[in-house]
Amino acid sequence: MPERENPLDALDDVDDVTKAVLTASRLLVAVSARSLAAVEERVTLAQFRMLVVLSTRGTTKLVELAELLQVAPSTAMRMVDRLIVAGLADRRPNPTSRRETLLALTGEGIRTVEDVTARRRAEIAAIVERLRPTQRLALVEALNAFNEAGGEPLAPGPDDPEPHPLGWMVDGTVAHDA
């Protein structure tokens, strides 16, 4: 590989940055999968996304939940049905509109989100602890810039009362902003 004439050219190499981010995303997907391992017989990654949205937004209409997850309402309903069977979510008619269904987490659903999130946080913290302080600072700066460019708000700290949903955008806006 030829050396760059100007070291600053390395700062503008979109391919190198993209490769590094893709590699990091593989690591984060692996961490996410391992954090779900204890509940994988009950919850898929897609269902966990639904649990996280419900834990953050509280009682939610089925149609709104489907929009937030970017799935068809029928797909969202099937996912909800599985979560209800697993004892993680509950469904009831909307008292103001009987045609609408309201969805919410059960106590077990709330505990599942908290447990999986705690396992994920602990594993990420263990990885971060292996970095030198200067690397940690550089990583924070780089990831904050990356998240800002992608429109993703900061994740909560360990003492924040509300978990934050996994990020995705709908029509150019962050779907989980209240």
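Just so it is clear, the model here is predicted, and its values are computed rather than measured.
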Listed by chain and number, what are the side-chain hydrogen bond (donor to acceptor under 3.5 Å, both in side chains) partners of Ser32, not counting sequence neighbours?
-> Arg120
Residues clustered with Ile127, ILVMFWY side-chain links under 4.5 angstrom = Leu27, Leu28, Val31, Ile124, Val128
Please round to the nearest 0.5 Å and tell me the distance separating atom NZ of Lys61 and atom CG of Leu102.
-> 8.0 Å
Residues clustered with Leu143, ILVMFWY side-chain links under 4.5 angstrom | Leu131, Leu139
Starting from Val29, walk the hydrophobic network (Ile, Leu, Val, Met, Phe, Trp, Tyr; side-chain heavy atoms closer than 4.5 Å) and list everyone else you reach, by chain and number.
-> none
How many angstroms lie between CE in Met77 and OG in Ser74, if you round to the nearest 0.5 Å?
-> 9.5 Å
What pairs with Ala149 under side-chain contact (heavy atoms from CB on, under 4.5 Å), at least two apart in sequence or on another chain?
-> none
Please tabulate, for side-chain N and O atoms in residues 79-91, each donor-acceptor pair with protein atoms closer than 3.5 Å (sequence neighbours left out).
residue: Asp81; atom: OD1; partner: Arg91; partner atom: NH1; Å: 2.6
residue: Asp81; atom: OD1; partner: Arg91; partner atom: NH2; Å: 2.9

Ser25: side-chain contact (heavy atoms from CB on, under 4.5 Å) partners, not counting sequence neighbours | Leu22
Out of curiosity, Glu114 CD to Ser55 OG, how far, rounded to the nearest 0.5 Å?
-> 8.5 Å
Hits for salt bridge (charged side-chain N to carboxylate O under 4.0 Å, His left out) against Arg111, two or more places apart or cross-chain, chain-then-number order -> Glu108
Return each pair, listed once, that meets side chain to side chain donor-acceptor pair (under 3.5 Å) where at least one residue sits in residues 123-150; pairs must be two or more places apart or across chains.
-> Arg34-Glu123
Please name all residues satisfying side-chain contact (heavy atoms from CB on, under 4.5 Å) with Thr60, sequence neighbours left out, ordered by chain then number.
-> Leu54, Arg57, Glu64, Leu65
For Phe48 and Val113, which heavy atoms make the closest approach, and how far apart are they?
-> CE1-CA, 3.8 Å
For Lys19, check salt bridge (charged side-chain N to carboxylate O under 4.0 Å, His left out) against everything at least two apart and list the hits.
-> none
Thr59: side-chain hydrogen bond (donor to acceptor under 3.5 Å, both in side chains) partners, not counting sequence neighbours = none
Atom pair CG (Leu62) and CG (Asn94), whose distance is rounded to the nearest 0.5 Å = 11.5 Å
Heavy-atom nearest pair, Ala76 first then Met50, reads O-CE, 3.7 Å
